[in-house]
Trainee: 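Pasting a structure here, questions to come.
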Amino acid sequence: MPVSGLGEYDDQNVFARILSGEIPCRRVFEDDWALAFHDIAPQAPVHVLVIPKARYVSMADFTARGSAGEIAGFFRAVGAVARQLELETPGYRILANMGPDSGQEVPHFHVHIFGGKPLGPMLAR
Ligand code: 5GP
């Protein structure tokens, strides 16, 4: 079933093609649940994307259809990536865009990890 706003999963979206190996990425982490790689257009000194390995369009889709194991595994992976990047002491920000008002561009659920400098206000004004 489609989840409101973003429609059915598109197997040709850019993150699906990264997962299949069709498009290269600068990988920083991979386990059974998630793949993490550097954003192609970084907006902070550290800007990494963490994506689930399964086909979820958005945060809404993932939290509606994902199993407890998938959700726990994915968010543990987000924490593990930040730890691996040595961001825990200086701190970091995570962000997930969901749907039109957020400006979500890629219809495969993903969490951004930002760090490497003081990040300023939470939202652009
Ligand atoms: P969204 O706006 O959907 O939350 O974020 C999508 C992110 O994916 C953007 O920050 C964009 O720079 C990144 N991105 C888009 N295409 C590619 C790509 O081919 N490779 C990588 N590594 N990042 C991408």
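Counting starts at 1 for both ligands and their atoms, in listed order.
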Trainee: For Phe109 and Phe74, take the angle between the two ring planes, folded into 0 to 90°, and tell me which bin it lands in: parallel under 30, tilted 30 to 60, perpendicular over 60.
Mentor: tilted
Trainee: Can you tell me the protein heavy atom closest to atom 7 (C) of ligand 1 and the distance?
Mentor: Asp39 OD2, 3.5 Å
Trainee: Could you tell me the separation between the CG atom of Asp61 and the OH atom of Tyr9, rounded to the nearest 0.5 Å?
Mentor: 10.0 Å
Trainee: Is Pro52 close to Glu70 at the side-chain level, that is, under 4.5 Å between some pair of heavy atoms?
Mentor: no
Trainee: Report the part of His112 (side chain from C-beta onward, or backbone N, CA, C, O) that has a heavy atom under 4.0 Å from ligand 1; answer both or neither where that applies.
Mentor: side chain
Trainee: Which atoms of ligand 1 sit under 4.0 Å from any heavy atom of Ile18?
Mentor: 20 (N)
Trainee: What protein heavy atom sits nearest atom 19 (O) of ligand 1, and how far away is it?
Mentor: Val14 CG2, 3.4 Å
Trainee: Indicate, as side chain, backbone, both or neither, the part of Phe15 found under 4.0 angstrom from ligand 1 when only non-hydrogen atoms are considered.
Mentor: side chain
Trainee: List the atom of Leu87, the atom of Gly116, and the distance in Å for their closest heavy-atom pair.
Mentor: CD2-N, 4.0 Å
Trainee: Counting from 1, what ligand 1 atoms have a heavy atom of Asn97 closer than 4.0 Å?
Mentor: 1 (P), 2 (O), 4 (O)
Trainee: For Ile51 and Phe37: C-alpha separation, side-chain torsions, deciding distance, then whether side chain to side chain contact (heavy atoms under 4.5 Å, CB included) applies.
Mentor: CA-CA 9 Å; Ile51 70 175; Phe37 50 90; 3.8 Å; yes
Trainee: Could you see which bit of His110 sits under 4.0 Å from ligand 1, with heavy atoms only: side chain, backbone, both or neither?
Mentor: side chain
Trainee: One residue to check: Ile40. Relative to ligand 1, which of side chain, backbone, both or neither has a non-hydrogen atom less than 4.0 Å away?
Mentor: both
Trainee: Parallel, tilted or perpendicular: which fits the ring planes of Phe75 and Phe62, with parallel below 30° and perpendicular above 60°?
Mentor: tilted
Trainee: To which protein heavy atom is atom 22 (N) of ligand 1 closest, and what is the distance rounded to 0.1 Å?
Mentor: His38 O, 2.9 Å
Trainee: Which of the atoms of ligand 1 are close to Ala41, meaning less than 4.0 Å from one of its heavy atoms?
Mentor: 12 (O)
Trainee: Check each atom of ligand 1 against the heavy atoms of Gly103 and keep those under 4.0 Å away; list them by number with element.
Mentor: 2 (O)
Trainee: With a 3.5 Å distance limit and no angle check, can you tell me whether Gln104 reaches the backbone of Gly99 through a side-chain donor-acceptor pair?
Mentor: yes
Trainee: Quick one: do His110 and His112 satisfy ring pair (Phe, Tyr, Trp, His ring centres under 6.0 Å)? Show the steps, please.
Mentor: CA-CA 7 Å; His110 51 283; His112 299 252; 5.2 Å; yes
Trainee: What residue and atom, counting heavy atoms only, is the protein's closest point to atom 2 (O) of ligand 1, and at what distance?
Mentor: Glu105 N, 3.3 Å
